[in-house]
Asker: 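Dumping the structure here so I can ask a few things about it.
None of these values were measured; they are calculated from a predicted model.
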Amino acid sequence: QVRLVESGGGLVQPGGSLRLSCATSGGITSTNSKSWYRQAPGKERELVARIGSSGEINYADSVKGRFTISREDAKRMVYLQMNSLQPEDTAVYYCNVRDMFNNYWGQGTQVTVSS
């Protein structure tokens, strides 16, 4: 079964960096779309970055130039490098994988950007 486990969240000061990791298992391949979403208190879950099924990469406007999504297929890992973090980036970040039939979600990892 598909399983996604996020890690790497924590508390960071504005301007700092974090790298989130998503360990995937359960038959996920390079052709599966892989994404990072986030949800802040009182807000809807939003797409942050996505690697599409053909390898295309898209970012939310709010993170362009600051965040980088990447993958290591051999390790079945998906990463989100977050630089120049701002308080507005504070949220629970979720790994997401899509296949033909389903959306799969990790448990989320908290990112807090604060002084």
Asker: Taking the six-membered ring for Trp, are Trp105 and Tyr94 parallel (under 30°), tilted (30 to 60°) or perpendicular (over 60°)?
Answerer: perpendicular

Asker: Looking at residues at least two apart in the chain, or sitting in another chain, which of them share a salt bridge (Lys or Arg N to Asp or Glu O under 4.0 Å) with Lys43?
Answerer: none

Asker: Could you tell me which non-hydrogen atom of Asn32 sits nearest to which non-hydrogen atom of Arg98, and how far apart they are?
Answerer: ND2-O, 3.2 Å

Asker: Can you check side-chain contact (heavy atoms from CB on, under 4.5 Å) on Val92 and Tyr37, steps first, answer last?
Answerer: CA-CA 8 Å; Val92 177; Tyr37 286 74; over 6 Å; no

Asker: Through direct or indirect side-chain contacts below 4.5 angstrom among Ile, Leu, Val, Met, Phe, Trp and Tyr, which residues connect to Val2?
Answerer: Leu4, Ile28, Val97, Tyr104

Asker: With rounding to the nearest 0.5 angstrom, report the OG to CG distance, Ser33 to Asn96.
Answerer: 7.0 Å

Asker: When the side chains of residues 12-23 are checked against the rest of the protein, which donor-acceptor pairs come out under 3.5 Å, sequence neighbours left out?
Answerer:
unit_1: Ser17; atom_1: OG; unit_2: Asn83; atom_2: OD1; d: 2.9

Asker: Given side chains that start at C-beta, do those of Gln81 and Ser70 come closer than 4.5 Å, heavy atoms only?
Answerer: no

Asker: Could you pull out all residues at least two apart from Ser62 that satisfy side chain to side chain contact (heavy atoms under 4.5 Å, CB included)?
Answerer: Arg38, Ala60

Asker: Check Ser53 against Thr31 and note the closest heavy-atom contact, atom names and distance.
Answerer: CB-O, 3.1 Å

Asker: Apply ring-ring contact (aromatic ring centres under 6.0 Å, His included) to Tyr79 and list each qualifying residue two or more places apart in sequence or on a separate chain.
Answerer: none

Asker: With rounding to the nearest 0.5 Å, note down the distance linking CD in Gln39 to CD in Glu46.
Answerer: 9.5 Å

Asker: Counting neighbours of CD on Glu56 that are heavy atoms of other residues, nucleotides or ligands and sit closer than 6.0 Å, is the number greater than 12?
Answerer: yes

Asker: Could you tell me which residues satisfy side chain to side chain contact (heavy atoms under 4.5 Å, CB included) with Ile51, sequence neighbours excluded, listed by chain and number?
Answerer: Ile57, Ile69, Arg71

Asker: If you measure from OG1 on Thr24 to CD on Glu72, what distance do you get to the nearest 0.5 Å?
Answerer: 11.5 Å

Asker: State which residues pass side chain to side chain donor-acceptor pair (under 3.5 Å) with Arg66; sequence neighbours excluded, sorted by chain then number.
Answerer: Asp89

Asker: Excluding sequence neighbours, so at least two apart, what forms side chain to side chain contact (heavy atoms under 4.5 Å, CB included) with Thr90?
Answerer: Gln110, Thr112, Val113

Asker: Judged by atom type as modelled, is there a donor-acceptor pair below 3.5 Å linking the side chain of Glu6 to the main-chain atoms of Cys95?
Answerer: yes

Asker: Taking the hydrophobic residues Ile, Leu, Val, Met, Phe, Trp and Tyr, and joining any pair whose side-chain heavy atoms are under 4.5 Å apart, which ones share a cluster with Val5?
Answerer: none

Asker: Which heavy atom in Asp73 sits nearest to a heavy atom in Ser30, and how many Å separate them?
Answerer: OD2-CB, 3.1 Å

Asker: When Ile, Leu, Val, Met, Phe, Trp and Tyr are grouped by side-chain heavy atoms lying under 4.5 Å apart, directly or through other members, which residues fall in the same group as Phe101?
Answerer: Met100

Asker: Could you tell me which residues satisfy salt bridge (Lys or Arg N to Asp or Glu O under 4.0 Å) with Asp99, sequence neighbours excluded, listed by chain and number?
Answerer: none

Asker: Name all residues meeting the side chain to side chain contact (heavy atoms under 4.5 Å, CB included) criterion together with Ser25; count only those two or more places apart in sequence or in a different chain, and write none if there are none.
Answerer: Arg3

